[in-house]
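A short worksheet on the structure shown next.
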Amino acid sequence: MNDALSLNGKTAIVTGAAQGIGRAIATRFSRCGARVVIADIDETLGIAAATELGEGVLFEHCDISQAGSVESLVDRVVARFDQIDILVNNAGHHPSDPRQRVPIDKFSPDLWRSKIDVDLHGTFYCNRVISAHMVQHSSGCIINIASVAGVVALRNQIAHDAAKAGIIKMAEAMALELGPHGIRVNTISPGSTVTSATENLFYGPNGIATDKAEQMLSFIPLGRPGMPDDIAGAALFLASNLANYVTGHNLVVDGGWVAGFNRNF
Ligand SMILES: NC(=O)c1ccc[n+]([C@@H]2O[C@H](COP(=O)([O-])OP(=O)(O)OC[C@H]3O[C@@H](n4cnc5c(N)ncnc54)[C@H](O)[C@@H]3O)[C@@H](O)[C@H]2O)c1
């Protein structure tokens, strides 16, 4: 392994890492030497992931939409490892259920709240408590997982668009505030990525692309959907020493979809 990518001796918390993109990030970080805490509400998948990834990876239950749950997670991790070096805010709800894809006049306040509570408020709760811890140590790295939906508005996904755009701006503001304390804050905005959250909507059983997916793929210059490890590679770069001078950045990892967006429609 390239030494510049080594995370030896670092402790990372990855939220929502029981599966999907978060799990791929936890895997990459662990292979590069980090101790990784998988923080998720799904205990079954979280314990299975930690067991499979092996030594240096553990599961901690946490509901990021509850400020108290986040504070208790941080207390437990600090008691065990003293320091948190890396935070990846990945937990979120993808609007994969077609019933959640409706125009604003049909978008219920409950649906709005459930999305904002996890993606936006949850990310804020984690950032708030863990950045305070990092300030005490004058170092740290925070990576927020947003979405291309935070860059280019998508129809019928108003809460998703708003939450992800909010995360991108939150990270930029934090980069300004925390840079003087030696803390870097960046965002990754994935494009459509194959996980259990998207496979029903786009990729069908066994990853076979639906008509909807075929149409979307035709707009992706690299001609394929993202895989969780594509996002994990970007996260490893941002967490590593190779990104020592990178902060306040939103790294779009989408096979080129955003680059061609205005020409496609
Ligand atoms: N898959 C995509 O196409 C795609 C595209 C752009 C952005 N994203 C973003 O990437 C992130 C991961 O997406 P994914 O596709 O891997 O999703 P996923 O559904 O496969 O995994 C999400 C994980 O988050 C956990 N989680 C949900 N609510 C939580 C809470 N309140 N507290 C703690 N954990 C919670 C779930 O239990 C699950 O393990 C999300 O923020 C999503 O919005 C995904």
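All values below come from the heavy atoms of this structure, side chains included, with hydrogens, waters and symmetry mates left out. The first residue of the sequence shown is numbered 1, and numbering continues consecutively from there. Start at 1 and go down the list; that is how both ligands and their atoms are numbered. Since the model is a prediction, treat every value here as computed from it, not as a measurement.
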*asked:* Could you tell me if the side chain of Asp119 sits less than 4.5 Å from the side chain of Lys164, heavy atoms only?
replied: yes

_same_hphob_cluster(Val246, Ile143) at 4.5 Å side-chain heavy-atom cutoff_ = yes

*Considering heavy atoms of the protein only, find what lies nearest to atom 16 (O) of ligand 1 and give residue, atom and distance to 0.1 Å.*
Ile21 N, 2.8 Å

_Any atom of ligand 1 sitting under 4.0 Å from a heavy atom of Lys164?_
yes

_Taking 4.0 angstrom as the limit and counting only heavy atoms of Ser196, give me the atoms of ligand 1 inside it, by number and element._
20 (O)

*Taking the side chain as C-beta and beyond, is there a heavy-atom pair between Asn186 and Leu238 under 4.5 Å?*
yes

*Report the member of Ala146, Gly46, Gly122 with the shortest heavy-atom distance to atom 7 (C) of ligand 1.*
Ala146

*Within a distance under 4.0 Å of any heavy atom of Gly20, pick out the atoms of ligand 1 and give their elements.*
16 (O), 20 (O)

_In this structure, is the centre-to-centre distance between the rings of His181 and His137 below 6.0 Å?_
no

*N/O of Ile64 under 3.5 Å from N/O of ligand 1, yes or no?*
yes

*State which residue, out of Leu87, Ile86, Val77, fulfils the side-chain contact (heavy atoms from CB on, under 4.5 Å) condition with Thr11.*
Val77

_Val118, any N or O under 3.5 Å of ligand 1 N or O_ = no

_Contacting atoms of ligand 1, where contact means under 4.0 angstrom from a heavy atom of Ser192_ = 3 (O)

*Salt-bridge test for Glu55 and Arg35: reply yes if a basic N is under 4.0 Å from a carboxylate O, no otherwise.*
no

*Are Val36 and Ile25 connected in a single hydrophobic cluster, I mean Ile/Leu/Val/Met/Phe/Trp/Tyr linked by side-chain heavy atoms less than 4.5 Å apart?*
yes

*Are Arg224 and Asp230 ion-paired here, with the side-chain N under 4.0 Å from a carboxylate O?*
yes

*In terms of atom number and element, which parts of ligand 1 are under 4.0 angstrom from non-hydrogen atoms of Asp42?*
37 (O)

*Looking at atom 15 (O) of ligand 1, what's its closest protein heavy atom, distance included?*
Thr195 OG1, 2.6 Å

_Rounded to the nearest 0.5 Å, what separates atom OG in Ser189 from atom CD1 in Ile168?_
4.0 Å

*asked:* If I take atom OG1 from residue Thr193 and atom CE from residue Met227, how far apart are they, to the nearest 0.5 angstrom?
replied: 9.0 Å

*Distance filter under 4.0 Å to Ala18 heavy atoms, resulting ligand 1 atoms*: 39 (O)

_Minimum-distance protein heavy atom relative to atom 6 (C) of ligand 1_ = Pro190 O, 3.3 Å

*For ligand 1, which atoms sit closer than 4.0 Å to a heavy atom of His93?*
27 (C), 28 (N)

*Which is it for Cys62 and ligand 1 at heavy atoms under 4.0 Å: side chain, backbone, both or neither?*
backbone

*asked:* Starting from atom 24 (O) of ligand 1, what is the nearest protein heavy atom, named by residue and atom, and what distance separates them?
replied: Gly16 CA, 3.4 Å

_Close-contact set for ligand 1 against Asp63 heavy atoms, below 4.0 Å_ = 30 (C), 31 (N), 32 (N)

*For the residue pair His61 and Asp40, establish whether any side-chain heavy-atom pair is separated by less than 4.5 Å.*
no

*List the steps, then state whether salt bridge (Lys or Arg N to Asp or Glu O under 4.0 Å) holds for Glu52 with Arg23.*
CA-CA 11 Å; Glu52 214 170 296; Arg23 182 179 162 141; 2.9 Å; yes

*Contacting atoms of ligand 1, where contact means under 4.0 angstrom from a heavy atom of Thr198*: 1 (N), 2 (C), 3 (O)

*Give the residue and atom name of whichever protein heavy atom lies nearest to atom 21 (O) of ligand 1, and the separation in Å to one decimal.*
Gln19 CG, 3.7 Å

*Do Ser147 and ligand 1 have an N or O pair less than 3.5 Å apart?*
no

*asked:* Could you work out, for atom 11 (C) of ligand 1, the closest of Ile167, Asn90, Asp254 by heavy-atom distance?
replied: Asn90

*Of all the non-hydrogen atoms in the protein, which one sits nearest to atom 17 (O) of ligand 1, and at what distance?*
Ala197 CB, 3.8 Å

*Nearest-neighbour protein heavy atom for atom 10 (O) of ligand 1, which is reported as residue plus atom name and distance*: Ile145 CG2, 3.5 Å

*asked:* Taking the side chain as everything from C-beta on, heavy atoms only, tell me whether Ile145 gets closer than 4.5 Å to Val88.
replied: yes

_If I apply the N/O under 3.5 Å rule, does Asp40 come out as touching ligand 1?_
yes

*Given Gly226, Gly191, Gly92, which has its nearest heavy atom closest to atom 22 (C) of ligand 1?*
Gly92

